[in-house]
Structure formats: structure tokens, C-alpha cells
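First up is the structure itself, then whatever we jot down about it.
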Amino acid sequence: MTWQGLQLALTVGYVLVLAYIFAKVEIHIEGDAGWAANLPTWRIESHWLLDILWGGRAMTGYHAWVFPFIALSFHGPIFFTAAGSWQMEARIIAAIMLFWIAEDFLWFVINPAFGLRRFRARFVPWHKHWVCGAPVDYWIFSCASAALFAYSY
């Protein structure tokens, strides 16, 4: 294995561990009510921008804070080292995309209220668009993440 291959494998492994831990946190916060359905937070259920940018899902106060928190966390090493580049930014964005896909999927798999058997459109109303057994976001962000990882190495 090349150094770049090892670095990619370690990066993906690290991101998957982070996704698992965050999925566990969200399961403890949300329980069986995904997408902050029962949390004491504001919600915007429908807006044309949500259809374009958010896959038709509601925007919540919870997500308005957790998404930038994760993005800033992944960018931390750039701020600490001042060693940014376009390739590193592509790698960070790829890692963030992988993180959200893995975290969301793991939320279902390890959530006692769901499990893989309930990972279906009829049980998950907050994912509005599905293709080939998964939310469309998974397919789009998997391809984009792979392309960005390829560029970044």
C-alpha cells in the first residue's frame, strides 16, 4: 500500500469512528424520533430553499447549530496549523460528506428503535427522496466525496 493509500484508509477509518460516536450521541438525544422531531427547537417545515438545499427536510434549530459545529470541527487542523490548500479543503469537504452519510446510516443501524429492518422510506419521512433503497443524498454525497478524495490525493 502506498503512503497516500494508507493516509486515505486512516482518514476514512477515523471519519467512520467519529460518525459512530456522533450517531450514538444523537440516538441518546433523539431516541426514536429522528430529525429532531421531539426536541424543543424551532422548525421550518417547508420552504423552496429547503427543497433545493436540504433535500426537502425541515430546518431545525438543532441542525442549524450542529452542522456548522461539525464543519468547523473538521476544519480545526487548518486553523491550528495555518497549512491550508485547495487539496486539503477538498479532503475536508469529502470527509464531512462521508461523516454525514455514515452518521445518518449508523443512526438507523444502531438505534434500538429502528435497526436496518426499518431503514425504508415508509419509516423515515424526513428523507423525502429515495433511490435504490437509500436516500438520494447518500448517492449524491458518496459520489461527490469520492471525487473530492480522489482530487485531494
Side-chain angles (χ1 to χ4, degrees), residues 8 11-80 84-152:
L8 175 60
T11 299
V12 168
Y14 181 79
V15 169
L16 294 177
V17 168
L18 288 176
Y20 177 84
I21 292 168
F22 197 77
K24 292 291 275 186
V25 169
E26 278 205 322
I27 290 165
H28 284 277
I29 292 170
E30 296 177 319
D32 66 348
W35 208 255
N38 291 335
L39 297 185
T41 187
W42 55 263
R43 299 179 77 79
I44 300 171
E45 290 293 340
S46 63
H47 189 279
W48 64 272
L49 283 173
L50 295 175
D51 294 334
I52 294 170
L53 303 173
W54 214 241
R57 289 182 297 277
M59 173 54 110
T60 71
Y62 171 78
H63 291 98
W65 287 104
V66 80
F67 276 78
F69 173 79
I70 294 298
L72 287 170
S73 296
F74 273 78
H75 281 88
I78 298 301
F79 292 106
F80 299 147
S85 67
W86 287 114
Q87 286 181 300
M88 187 54 68
E89 183 63 23
R91 192 172 305 167
I92 290 168
I93 293 170
I96 292 169
M97 289 177 175
L98 173 62
F99 171 85
W100 283 122
I101 295 164
E103 187 277 337
D104 193 73
F105 181 67
L106 287 168
W107 186 93
F108 293 101
V109 172
I110 62 178
N111 190 331
F114 272 85
L116 199 52
R117 74 190 184 296
R118 292 190 63 208
F119 184 66
R120 308 274 184 273
R122 71 177 178 264
F123 298 116
V124 188
W126 57 92
H127 279 298
K128 309 238 183 243
H129 310 288
W130 291 65
V131 171
C132 298
V136 170
D137 301 7
Y138 286 22
W139 301 110
I140 293 169
F141 289 123
S142 291
C143 292
S145 179
L148 288 168
F149 271 131
Y151 167 75
S152 76

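Side-chain contact between Phe99 and Leu16 is absent, with no heavy-atom pair separated by less than 4.5 Å. Residues Arg118 and Phe108 have side chains not in contact (no heavy-atom distance under 4.5 Å, counting atoms from C-beta outward). Looking at Phe74 and Arg91, their side chains never come closer than 4.5 Å, going by heavy atoms from C-beta outward. Residues Ser142 and Trp139 fail the side-chain proximity criterion, which asks for heavy atoms closer than 4.5 Å. Between Tyr20 and Ile110, the closest side-chain pair of non-hydrogen atoms falls below 4.5 Å. Looking at Pro112 and Ile27, their side chains come closer than 4.5 Å, going by heavy atoms from C-beta outward. Side chains of Trp42 and Thr60 form no contact here, defined as non-hydrogen atoms less than 4.5 Å apart.
The environment of CH2 in Trp126 is crowded: more than 12 heavy-atom neighbours from other residues, nucleotides or ligands sit within 6.0 Å.
In this structure, CD1 in Ile140 is found 10.0 Å from CE in Met97, a value given to the nearest 0.5 Å. Ile96 contributes atom CD1, which lies 11.5 Å from atom CG of Leu18 (distance to the nearest 0.5 angstrom). Interatomic distance, Ser152 OG to Ile93 CD1, rounded to the nearest 0.5 Å: 10.5 Å. A distance of 6.5 Å separates CG in Asp51 from NE2 in His129, rounded to the nearest 0.5 Å. To the nearest 0.5 Å, atom CD1 of residue Ile92 and atom OG1 of residue Thr11 are 10.5 Å apart. Taken from NZ in Lys24 to CD1 in Ile29, the straight-line distance is 13.0 Å, to the nearest 0.5 Å.
Across every non-hydrogen atom of Phe114 and Asp32, the tightest pair is CE1-O, 3.3 Å. The two residues Phe123 and Arg117 come nearest to each other via the heavy atoms CE1-O, 4.2 Å. Closest approach of Gly84 to Ile78, counting heavy atoms only: CA-CD1, 3.9 Å. Closest approach of Asn111 and Gly31 over heavy atoms only: ND2-O, 2.9 Å. Of all heavy-atom pairs spanning Glu30 and Trp35, the tightest one is OE2-N, 3.4 Å. Across every non-hydrogen atom of Ala33 and Asn38, the tightest pair is CB-ND2, 3.1 Å.
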TODO: Could you please spell out the steps behind the side-chain contact (heavy atoms from CB on, under 4.5 Å) verdict for Val131 and Tyr138?
DONE: CA-CA 9 Å; Val131 171; Tyr138 286 22; over 6 Å; no
query = Is there a salt bridge (charged side-chain N to carboxylate O under 4.0 Å, His left out) between Arg57 and Asp137 once you walk through the steps?
reply = CA-CA 11 Å; Arg57 289 182 297 277; Asp137 301 7; 2.7 Å; yes
Next on the checklist: Assess the residue pair Glu103 and Glu26 against the criterion (side-chain contact (heavy atoms from CB on, under 4.5 Å)); give the C-alpha distance rounded to whole Å, side-chain angles, the decisive distance to 0.1 Å, and a yes or no.
Outcome noted: CA-CA 9 Å; Glu103 187 277 337; Glu26 278 205 322; 2.6 Å; yes
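Within the 3.5 Å criterion, the main-chain N or O of Ala58 finds no donor-acceptor partner in the side chain of Glu45. A donor-acceptor pair under 3.5 Å is formed between the side chain of Thr41 and the backbone N or O of Tyr62.
For Phe67, the ring pair (Phe, Tyr, Trp, His ring centres under 6.0 Å) partners two or more places apart in sequence, or in a different chain, are Trp54, His63, Trp100. In this view, Phe105 and Phe119 satisfy the ring pair (Phe, Tyr, Trp, His ring centres under 6.0 Å) rule, not counting sequence neighbours.
In summary, the aromatic rings of Trp86 and Tyr151 are positioned with their centroids too far apart to meet the 6.0 Å limit.
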